[in-house]
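Here the structure is laid out as structure tokens; the discussion comes afterwards.
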Amino acid sequence: MIEKIFPNVDWEKMWEATLETLYMTGMSVIVTFVLGLALGILLFLTSKGNIWENKVAYSITNAVVNIFRSIPFIILIVLLIPFTKVLIGTIRGANAALPALIIGAAPFYARMVEIALREVNKGVIEAAKAMGAKTSTIIMKVLLPESMPALISGITVTAIALVGYTAMAGVIGAGGLGNLAFLDGFQRSRTDVTLAATILILVLVFIIQLVGDYFTNKIDKR
């Protein structure tokens, strides 16, 4: 039955492409979470009325986040080709897609982190400061625990966006399901290959959303 619906699909190649997409998404989500969290915390702490209030530092960080968040991903990939070649040694394959994926997603997540931290009750932060808590303690014991449901929800949205980014990266030879759908499907007029790759991408998105919702609901005590 499946062979009749997808006569041109090489399932071994499809499985390899799926693993490449999972690898690119997984690696970029991990690094994006760390970088985005750091940038988001910096944005929050240096903003007006907060612990490290610093107009210059906030303006620079805010500008960097806005610039990289605004560049369309397909253009960002092209702009980063020289940097990727120096860093990775090639512009093809799953590893070559990682710099663009991370640089494209980290500012997006950083903004979500900043928004999540702004939702933390100011009274809790002031109480911690009044008890003499260090900034690192306030971050680890107050800000992150209080905003964790929103942070997980944010990284879930970011991970889903990254799956879409990997598909776009595939168009320029980064590998994965996007690459297979474009080269083996679209360019060779094999609609079934493109359809199969699209279905697998949708399955990945649904799984990521389910896992993200599960952990968000588990942590959210409200």
Side-chain angles (χ1 to χ4, degrees), residues 18-47 50-52 58 61-62 64-66 68-70 73 76 94 97-128 133-169 176-178 200-222:
T18 303
L19 290 179
E20 285 179 340
T21 295
L22 286 171
Y23 169 75
M24 288 187 286
T25 304
M27 290 296 292
S28 53
V29 164
I30 292 168
V31 181
T32 292
F33 180 77
V34 175
L35 287 180
L37 195 62
L39 279 171
I41 290 171
L42 184 61
L43 279 169
F44 175 74
L45 292 180
T46 57
S47 62
N50 283 303
I51 302 168
W52 291 347
Y58 178 81
T61 309
N62 189 53
V64 169
V65 167
N66 283 339
F68 283 99
R69 197 167 63 103
S70 302
F73 183 70
L76 183 64
L98 294 179
L101 290 170
I102 293 163
I103 292 171
F108 175 76
Y109 183 57
R111 191 61 74 191
M112 290 190 169
V113 171
E114 183 192 15
I115 293 168
L117 296 177
R118 288 187 184 280
E119 294 299 316
V120 176
N121 191 320
K122 292 280 187 183
V124 180
I125 300 172
E126 292 301 323
K134 295 179 181 179
T135 303
S136 57
T137 304
I138 293 173
I139 293 170
M140 299 304 295
K141 301 290 186 181
V142 178
L143 291 176
L144 294 184
E146 290 290 323
S147 61
M148 192 54 68
L151 294 179
I152 292 175
S153 181
I155 198 62
T156 301
V157 172
T158 306
I160 289 170
L162 279 165
V163 173
Y165 288 173
T166 65
M168 282 188 276
L177 291 167
L200 285 171
I201 288 171
L202 288 173
V203 169
L204 290 179
V205 167
F206 287 139
I207 291 172
I208 291 169
Q209 189 66 63
L210 284 172
V211 172
D213 288 346
Y214 171 78
F215 282 107
T216 300
N217 293 331
K218 192 174 180 64
I219 292 172
D220 196 349
K221 304 299 181 183
R222 289 174 295 178

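The structure displayed is predicted, hence computed values, not measured ones. Only heavy atoms go into these numbers, but all of them, side chains included; no hydrogens, no water, no symmetry mates.
The side-chain heavy atoms of Phe108 and Val157, taken from C-beta on, include a pair separated by under 4.5 Å. Residues Leu162 and Tyr165 form a side-chain contact, since some pair of their non-hydrogen atoms from C-beta on lies under 4.5 Å apart. Residues Ile201 and Val163 have side chains in contact (heavy-atom distance under 4.5 Å, counting atoms from C-beta outward). A heavy-atom distance below 4.5 Å is found between the side chains of Ile41 and Leu144. No side-chain heavy atom of Thr137 sits under 4.5 Å from any side-chain heavy atom of Val142.
The two residues Ala100 and Leu76 have their closest heavy-atom pair at O-CD2, 3.8 Å. Here the closest heavy-atom approach between residue Leu117 and residue Gly40 is recorded as CD1-O, 4.0 Å. Across all their heavy atoms, Ala106 and Leu35 have their closest contact at CB-CB, 4.1 Å. Of all heavy-atom pairs spanning Ala110 and Val65, the tightest one is CB-CG2, 4.4 Å. Residue Ser153 comes nearest to Thr216 through the heavy atom pair N-OG1, 3.7 Å, listed as atom of the first residue, atom of the second, then distance. Between Ala150 and Ala116, the shortest heavy-atom contact is CB-CB, 3.6 Å.
Atom-to-atom distance recorded for Leu43:CG and Thr61:OG1 is 5.5 Å, nearest 0.5 angstrom. Note that OG1 of Thr32 is 6.0 Å distant from CD1 of Ile155, once rounded to the nearest 0.5 Å. Between Gln209 atom CD and Ile207 atom CD1 the span is 12.0 Å, to the nearest 0.5 Å. The CZ atom of Phe33 lies 14.5 Å from the CD1 atom of Ile102; values are rounded to the nearest 0.5 Å.
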Determine whether Glu20 and Tyr23 satisfy the following criterion, side chain to side chain contact (heavy atoms under 4.5 Å, CB included), listing intermediate values before the conclusion.
CA-CA 5 Å; Glu20 285 179 340; Tyr23 169 75; 5.6 Å; no
Begin with the C-alpha distance, continue with both residues' side-chain angles, and end with the deciding distance and a verdict on side chain to side chain contact (heavy atoms under 4.5 Å, CB included) for Ile219 and Ile152.
CA-CA 9 Å; Ile219 292 172; Ile152 292 175; 2.9 Å; yes
Apply the test side chain to side chain contact (heavy atoms under 4.5 Å, CB included) to residues Asn121 and Glu146: give CA-CA distance (whole Å), side-chain angles for both, the deciding distance (0.1 Å), then the verdict.
CA-CA 8 Å; Asn121 191 320; Glu146 290 290 323; 5.8 Å; no
Criterion side chain to side chain contact (heavy atoms under 4.5 Å, CB included) on Met112 and Leu37, from CA distance to verdict:
CA-CA 9 Å; Met112 290 190 169; Leu37 195 62; over 6 Å; no
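A side chain to side chain contact (heavy atoms under 4.5 Å, CB included) with Leu143 is found for one member of Val124, Ile51, Ile125, Val113 and no other, namely Ile125.
Checking side-chain atoms of Tyr109 against main-chain N and O of Leu151 turns up a donor-acceptor pair under 3.5 Å. Put simply, the side chain of Thr21 gets close to the backbone of Leu177: a donor and an acceptor are under 3.5 Å apart. At distances below 3.5 Å, at least one donor-acceptor pair connects side-chain atoms of Ser28 with backbone N or O atoms of Met24.
For the residue pair Asn50/Ser47, the side-chain donor-acceptor check at 3.5 Å is satisfied.
Within 6.0 Å of CE in Met148 there are more than 12 heavy atoms belonging to other residues, nucleotides or ligands.
Ion pairing between Glu114 and Arg118 holds under the 4.0 Å rule for side-chain N and carboxylate O.
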